[in-house]
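Down below is the structure, laid out as structure tokens.
Being a predicted model, the structure only gives us computed values, none of them experimental. Within every chain, numbering begins at 1; the chains are lettered A, B, ... in the order of the sequence lines, protein sequences first and strands thereafter.
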Amino acid sequence: MRERTTMTEAPAAAAADDRYDPHAVQDRWLPVWDRLDLFRAGRREGAPKKYVLDMFPYPSGDLHMGHAEAFGIGDVVARYWMRRGFDVLHPIGWDSFGLPAENAAIKRGEHPATWTYANIETQAESFRRYAVSFDWSRRLHTSDPEYYRWTQWLFLRFLERGLAYRKSSAVNWCPVDQTVLANEQVVGGRCERCGAEVTKRELTQWYFRITDYADRLLDDMAQLEGRWPDRVLLMQKNWIGRSTGATVRFRVGDREVPVFTTRPDTLYGATFFVVAADAALADELCAPEQRPAFEEYREQVRKLSEIERQSTERPKTGVPLGVTATNPLTGEELPVYAADYVLAEYGTGAIMAVPAHDQRDLDFARAFGLPVRVVVDTGEADPAETGVATSGDGVLVNSGPLDGLRKDEAIARAVAVLAERGTGEATVNYRLRDWLLSRQRFWGCPIPVVHCPSCGEVPVPDDQLPVRLPDMRGADLQPKGQSPLASNAEWVRTSCPSCGGDAERDTDTMDTFVDSSWYFLRYCSPDYEDGPFDPEAVRQWMPVAQYVGGVEHAILHLLYARFFTKVLHDMGMLDAVEPFAALLNQGQVILNGSAMSKSTGNLVELGKELGAYGVDAVRLSMVFAGPPEDDIDWADVSPTGSVKYLSRVARLAADVGALPPSDERSEEVDRAVARAVDEATRLTESHRLNVAVARFMELTSALRKGVDAGAGAASLRDGAEALAVMLSCYAPYTAEEAWARLGHDVEAGDSVHDTAWPVADPALLVEDTVTCVVQVGGKVRDRLEVPPGIGEDALREQALASDAVRRALGDREVRTVVVRAPKLVNVVPA
RNA sequence: GGGCGAGUGGCGGAAUGGCAGACGCGCACGGUUCAGGUCCGUGUGUCCGAAAGGACGUGGGGGUUCAACUCCCCCCUCGCCCACCA
């Protein structure tokens, strides 16, 4: 239902009528476009191909302002390349597995599919009205068995290659959503989705071995530089967190305990040794007499929430384990402590502590009265006195054979000595952990594995895929700490594909990020039945030429999709090494300075805005409000201004369309058109869409003046047509209306959306005269109209002859004259 | 605590070493209109001035340059990311 607050009724068809009702225009052209089928990929046979992709939506309710912004920008990009003659793939689908559907299903006593597919229909209808240039024939939903069959197939290939595996470890557990979370889904100790404090649980879970690809994920970013936002690349780089250093094996009693360090040069400065309190290693090393103290401490640590534990303000705590570790370089015996400032999951879960050169170790040493030994002289004050560890470059001291070496030399030397003695070697460590992919929830892709008492983990054979979700609804889906699928005995019971005996299905489902790690490949051949995608189709379209989406996926989705692409490349299924050649992160739409939110009422509804102002005005307002990557505060935006502008365009088109046919041209108009086309082309291509719209406005004004002044009709017509074509990417309905008013028979197939982008005549871009700015001492004092080819000497002479220049100079002498013909002269007084 | 980015009229923004404020919103005045809205025109950084004209002006301070919103250094403020990763 649309609201009309300001518009009056207008006749639906109004080719020569200068009134403009955005809703009538929408109603008029939408059905015509459906019939003309303008956006099907492959319809421009033989043309170069370009894949323009928007991050696919999650179907939670109807589209909102954020979708309008993101898809509006993506649509300008897609339509631009279509206008430029490319065969463009611009698909749409839905990321339709996930928790909100499941929670809605529990509340309503339904199957999650009911809510999911109803929302998809709502969003699809809104996308149509919003006039996004999708190829609807390729639509997909990740929750369709036809899709998740191939998600399972891919999982099995990962399994075969040893890239999917199961292990038991302490995992992040969300007590509200009752499921495990990937490292990436824990933000500040809280569940990314629901905000609950995350706890740890020891569980056996499925993982993808993404750490195997850490180096390539890092190194291949070189080819994305300049085409992805710098900050996204930086975030990925930091997330992967490659550290180069050394593994050093210490001896504790009769066992070897390796540690990782980036500073093997400081080995002589190690004065104690720390093991993560929650690591199995601490338990194993603990001396009998220290056991009660250790166990009490460990209990304290376990009670801490992740948030408390991560606080850097907290004083250092720990407990001695009653054993010593032998430094392999010095033979020195170092006391071993258990402490919670050492992480069990990073490195080996143990460290050598060098308090003089590491702040955390120094804090601990001062709390426990441990010695501080400086081994790198950086020229700074003694850390033992100041409490500030030094980590800069310097010369080694108190370090036996390393003395006198600089930091870098000492690192190399220490590694060489360790290697020689067999007590260590150079190693690389990553902050990145393997991707925990199993979830204890229902509405996701089932993991296609059978657990057999005699054969163990057995993959479901390809020809039995998909492993379908059973029909479960409402209270059946209530989270109970294990997957709802586990409570469905009939579904769980199966026979072993290997031995035929009784066996059970794996009851976990996959993280929805698995679904979205390959959807862009499925779009290339959405109906392909012999594999996840047709290799030939993928070869034609991949990589994605332009990916558009929010920066909230800077780490998770983009890293996972890059990982999948590399694995598929290694499997020989894909030429591409990187999935997304270029990335554009659009900003958010906010209101009065903060994020829109239903719960606080700080909300603008897209449907209402579209009802009040029309689709084109909302789209244009979004794009004109600022650079695409900046946030937009809707409170600062004037859709009314856009409505006015669009109606000016429509009126101009009607006026130009009504001019009697003529060959008469006006150079001034031709020049204005050429300039606008030239700049708008560059601006659109470089995604400076707000500035491109400003050029359209200038062109519109120039043409209006031309019409009112009786300029040449041929020039005005060419200009109005160029304007309509360029505007078709930004305001598709109004552009088509203008095109029709200019006399084109759209119904017969002559649509502006099937018309080539205009080209500026270079001859018209060369000006007859140029305005030369004349400065005195850097301040503008005069302007001269000069021929563009004017010589330096002539220009200098003319500038010095200027009255304004003489007045500004007064009785001062001229020191120098800087001449940049033909644009500028700067007369510098003494 | 560390890293990255940003700061320009009343507002959104434009200008990437060479005319600061394009384009638009808002506002003011005038025209059109029975009226309101629409529409059309003019003006609109600040200060002095009737005007002509002038001075100042891109968070603050310094520097490089004939010339700095733009490049360099320091500081302030805001935003984002990471946060005991050895």
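Taking the C1' atom of each, B/G61 and B/C11 are spaced 29 Å apart, rounded to whole Å. Separation of the P atoms belonging to B/U70 and B/U16 is 13 Å when rounded to the nearest angstrom. Spacing between B/C76 and B/A68 at atom P, rounded to whole Å, works out to 26 Å. Atom P of B/A6 sits at a distance of 13 Å from the matching atom of B/A14, rounded to the whole Å. Comparing the same atom, C1', in B/G21 and in B/G7 gives a spacing of 16 Å after rounding to whole Å. With both ends at atom C1', the span from B/A22 to B/U58 equals 15 Å, rounded to whole Å. Comparing the C1' positions of B/U77 and B/C29 gives an interatomic distance of 39 Å, to the nearest angstrom. The gap from the P atom of B/A55 to that of B/C4 amounts to 41 Å, rounded to the nearest Å.
In terms of the ring-ring contact (aromatic ring centres under 6.0 Å, His included) criterion, residue partners of A/His553 (sequence neighbours excluded) are, by chain and number, A/His557. The side-chain hydrogen bond (donor to acceptor under 3.5 Å, both in side chains) check on A/Arg807 picks up nothing, with sequence neighbours excluded. Applying the ring-ring contact (aromatic ring centres under 6.0 Å, His included) rule to A/Phe273 yields the partners A/Phe250; only residues at least two apart in sequence or on another chain are considered. The side-chain hydrogen bond (donor to acceptor under 3.5 Å, both in side chains) search around A/Ser597 returns A/Ser599, A/Thr600, not counting sequence neighbours.
Sorted by first and then second residue, the salt bridge (Lys or Arg N to Asp or Glu O under 4.0 Å) pairs involving residues 680-693 of chain A (not counting sequence neighbours) are A/Arg84-A/Glu685, A/Asp678-A/Arg682. Listed by first and then second residue, the salt bridge (Lys or Arg N to Asp or Glu O under 4.0 Å) pairs involving residues 692-702 of chain A are A/Glu679-A/Arg695, A/Arg695-A/Glu698 (not counting sequence neighbours). Residue pairs satisfying the side chain to side chain donor-acceptor pair (under 3.5 Å) criterion with at least one member in residues 809-830 of chain A, sequence neighbours excluded, are absent. Residue pairs meeting the salt bridge (Lys or Arg N to Asp or Glu O under 4.0 Å) criterion with at least one partner in residues 629-648 of chain A, sequence neighbours excluded, are absent.
One distance of note links CG of A/Asp616 with OH of A/Tyr645; it measures 11.0 Å at 0.5 Å rounding.
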Name every donor-acceptor pair, under 3.5 Å, that has one atom in a side chain of residues 226-237 of chain A and the other anywhere in the protein, sequence neighbours excluded.
residue  : atom : partner  : partner atom : Å
A/Trp228 : NE1  : A/Phe580 : O            : 2.7
A/Gln236 : OE1  : A/Arg562 : NH1          : 2.7
A/Gln236 : NE2  : A/Ala554 : O            : 2.8

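Here A/Arg431 reaches the OP1 or OP2 of B/A83: one of its side-chain N or O atoms lies under 4.0 Å away. In this model, the phosphate group of B/A86 is approached by a side-chain N or O of A/Ser243 to a distance below 4.0 Å at OP1 or OP2. Distances shown here put a side-chain N or O of A/Arg651 below 4.0 Å from the OP1 or OP2 atom of B/C40. For B/C19, the OP1/OP2 oxygens have no side-chain nitrogen or oxygen of A/Lys779 closer than 4.0 Å.
One donor-acceptor pair, N or O on each side, does fall under 3.5 Å between the base of B/C19 and the side chain of A/Arg783.
Near RNA chain B, meaning a heavy atom under 4.0 Å away, the residues from residues 816-829 of chain A are A/Val818, A/Arg820, A/Leu824, A/Asn826, A/Val828. Contacts of residues 621-630 of chain A with RNA chain B (heavy atom under 4.0 Å): A/Phe624, A/Ala625, A/Pro627.
The base-pairing partner of B/A6, taking Watson-Crick or G-U wobble contacts with both distances under 3.5 Å, is B/U77. For B/A67, there is no paired nucleotide, since no Watson-Crick or G-U wobble pair has both relevant distances below 3.5 Å. B/G36 is unpaired under the criterion used here, namely a Watson-Crick or G-U wobble arrangement in which both key atom distances are under 3.5 Å.
Within the 6.0 Å centre-distance limit, the rings of A/Phe364 and A/Phe272 are counted as a close aromatic pair.
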Short heteroatom pairs, N/O only, protein and nucleotides 8-11 of chain B, under 3.5 Å:
none

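Taking the side chain as every heavy atom from C-beta outward, A/Thr271 and A/Val372 never approach each other to under 4.5 Å.
Place A/Asn690 and A/Glu698 on RNA chain B by their nearest nucleotides, and A/Asn690 ends up nearer the 5' end.
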